[in-house]
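Both backbone and side-chain heavy atoms feed into the values below; hydrogens, waters and symmetry mates do not. Letters go in sequence order (proteins before strands), and every chain restarts at 1.
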Amino acid sequence: MHATNGNGGASKYITLVSKDGFEFVVLREASLCSDYIRGMLRNNMTEARTGRCELQDINGVILEKVVEYFHYWYKFKDREDVPDMEIPVENCLELVVAADYLGMDSKPH
Amino acid sequence: MSRQQSNRAGRQIRGPQSALTDFLASHNISANQIRLDADARRRAAEEENGASPSDQQQAAEDEVGESSTVTTSVTVTTWTSRREKDQKVIDEIKASKTYQKRKRNADEDDGDDDLLDTLRRERGPLPGQMDNCANCGKRFTVTAYSRNHPDGGLLCGPCGKEMDKDAPPKKKPAKRAAAGPVGRRRQIQSKILDGTFQLGAKSLMTLCIETLAKNIDLAEDLGDLPQQVIDKIARKLSKHRLLNSTTLSLFLQPTTDEVCIYDGAKLSADDYIRIFQTVPGLKKLKARNAIHFKDEVMDFLISRKTELEDLYLHGSNLIDEEKWLEFLGKKGKSLQSLRVYWTDKHFGDSALEALPSSCPSLARLKACHNQKITGEGIKHLAQLKHLKHLSIDLRNHVHSDVYVNVLSSIGQNLETFSITREINLDNTVLDAIHNHCRSLQKLRITDSEVMTDEDFARLFTNWENKCLQFVDLQKCRQVDSANPRQNPDNIGLCDKGFKALMAHSGRKIEHLNVHGCRHISAKAFEVVFPADGKKVYPELKKLEISFCEEVTDFIVGSIFKCCPNIHELNVFGCMNVKSVRVPKGKILVGVPNALGMVIEGIDDIEE
């Protein structure tokens, strides 16, 4: 999976890197539900050009759950009857902190 | 023998049988038949051999009784030929296709060995017979209710009861009301009414907090979460009534300065005292359903160095009047905000009288649903020079002159003025607002049966106040059973007042409530919300026009056009609203038919 396609335009996917070096490839559109990442991907930012976001405060396990949420959110965007995603109890406190850090608030757009 | 005959005599009513019995019966094999044959053969063999293990068999036979299961008393003896015959029969059955098929569908999943075991195994003593208790060794009569000992064997009555007491009682999982298609639709409709409905998935924050709330007993410490998140968790817990002495500890961090208890019903006086003990730097305390916030808690608070700036108490009916005065006297210096809800009897005029002297820096005062305050107390508020937010909801009548007095004295700085359910509030108050208020942002006057449309118009015309952000004039309408339809004196908010209101504040207004102002005509709505979208109200987010009879589909459509950022529109009781398409992302509450809100397709409304 390349971060940029041959033409140099914004690719469909971006890479999120966790504190401990795990890399996750995510659909660009799916990651827009996080205000923080949206801000990073604005024009003229380094991350927007390379398509690679370093998240130094989030570890791999939590980032994996966040990426899973991104895809779940993207899949069910604008649908009415949405089943809840499972959140493992052991991670939910750290996940709350991560969600707050990434700006994934109560009113996703 | 009689049993044999009755077997052949025809079908008897039998209870449930195991699948195996069914199969044997369908192959004309009866367990009893086998047994009796076996007996006969044994007896014959006995006479030949002399000594025999017949005693064993006799005992075994006695134990079988009338059970129609396949547990025959074929004890393990050395009748190899008998065994082989059984085995052959069983193999035959198993080979048969019908058995294979039914076994696949049947609930039982006996294996090969199980079949044999079931045929041969001795079940323990049956009800009615004596046995030794596995626990205490006593001799007792076996009943249908005798409990099994975990290591096998049966327990006598008292031992059985002991074991039951130790084991936790089995709880049936509660049936969720929101399961199933009907439940889900109800949940969606309920969410629409709450205004929390949104398309798409819940936010990650919401999902996490819900998981946290469900498993709150596993949480020991909330760690270093930001205040906003802690607040959300507190709300969720209170909603599910999970806030008690143990979970309260999660929110009492020594470094915090704000504690919000949204449901203190399960908290005791000691818990409230604990709050002040663990959080010495407490500045803001909000406690709803704070029933046990009693005199002793107040005493403790008074004795501490805690400088409260914001106190919000709801339902604290056990605090005495003297205690209130003592608190205000000793702790009032730092108090900037005092909100007292549903404290009917002891927070009264004397407390209000003490406010100007003890709480000089008071900026926010709210007394809601209070029975003791009267005009006597209200008139002292004129001396609170720094008061910015005033909110009164009393059960006693206060004459309008009192309010006029207060307004003329402190109206200049007032940002919030809210008088709820004062039926006789009249035009003089509106005039006083017009003349004195210059910084008002939030205005609420409800249930006035005397104010007239003309005076509302006068209030909003050429008023030197800037645009209001929040206006709530619900139920300012004519209440006269002799004249249900006509409103000759134009009592309440009608066309002129409504038009003047929107002309004055339309630019910045965010929240408008004209519930019950039923004499606002369709024409007025059409002037305020023109169909071509010429007038735009960019900030309007929440509009309530319930029970304004003249609202139609056309008007609702125009409203959506004129208010691009509107989030929720409430049309309860507007019976002429029949089928409106609601643009995506907006909520229409109260459509008077079973279908409810119908969201537009993928496209938004086209011009």
ask   = Does A:Trp73 reach the side chain of A:Glu68, with side-chain heavy atoms less than 4.5 Å apart?
value =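 They are not in contact (no side-chain heavy atoms under 4.5 Å apart), so the answer is no.
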
ask   = Taking C-beta and beyond as the side chain, do B:Val591 and B:Phe572 meet within less than 4.5 Å on heavy atoms?
value =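 No, too far: nothing below the 4.5 Å cut-off.
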
Please list, one pair per line, the donor and acceptor atoms closer than 3.5 Å that link side chains of residues 236-243 of chain B to other protein atoms, with sequence neighbours excluded.
residue	atom	partner	partner atom	Å
B:Ser238	OG	B:Ala234	O	3.0
B:Ser238	OG	B:Asp263	N	3.4
B:Arg241	NH1	B:Asp263	OD2	3.0

Identify which part of [X] has an atom lying under 4.5 Å from any heavy atom of chain A, answering side chain, backbone, both or neither.
X: B:Gln187; value: neither
X: B:Leu218; value: side chain
X: B:Leu225; value: side chain

message = Quick check: under 4.5 Å, non-hydrogen atoms only, which of residues 85-95 of chain A neighbour chain B?
response =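 Residues A:Met85, A:Ile87, A:Val89, A:Cys92, A:Leu93, A:Leu95 are the ones that qualify, each having a heavy atom under 4.5 Å from chain B.
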
inquiry  = Is the ring pair B:Phe529/B:Tyr537 parallel, tilted or perpendicular, if the boundaries are 30 and 60 degrees?
reply    =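 Aromatic pair B:Phe529/B:Tyr537 classed perpendicular.
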
task = Tell me, please, which residues at least two apart from A:Asp20 pass side-chain hydrogen bond (donor to acceptor under 3.5 Å, both in side chains).
result =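 With neighbours one apart ignored, the set is A:Ser18.
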
inquiry  = Between A:Tyr74 and A:Phe70, is the ring centroid distance below 6.0 Å?
reply    =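 No, the ring of A:Tyr74 stays outside the 6.0 Å limit from the ring of A:Phe70, centre to centre.
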
query = Among B:Val229, B:Ile209, B:Asn215, B:Leu207, which residue forms the greatest number of heavy-atom pairs with chain A at distances under 4.5 Å?
reply =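 Of B:Val229, B:Ile209, B:Asn215, B:Leu207, B:Leu207 has the most heavy-atom pairs under 4.5 Å with chain A.
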
key: CD/B:Gln228: more than 12 non-hydrogen atoms of other groups inside 6.0 Å   =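 Not more than 12 within 6.0 Å, no.
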
task = With sequence neighbours left out, write down each residue that passes salt bridge (charged side-chain N to carboxylate O under 4.0 Å, His left out) with B:Glu544, or none if nothing qualifies.
result =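 Applying salt bridge (charged side-chain N to carboxylate O under 4.0 Å, His left out) to B:Glu544 gives none.
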
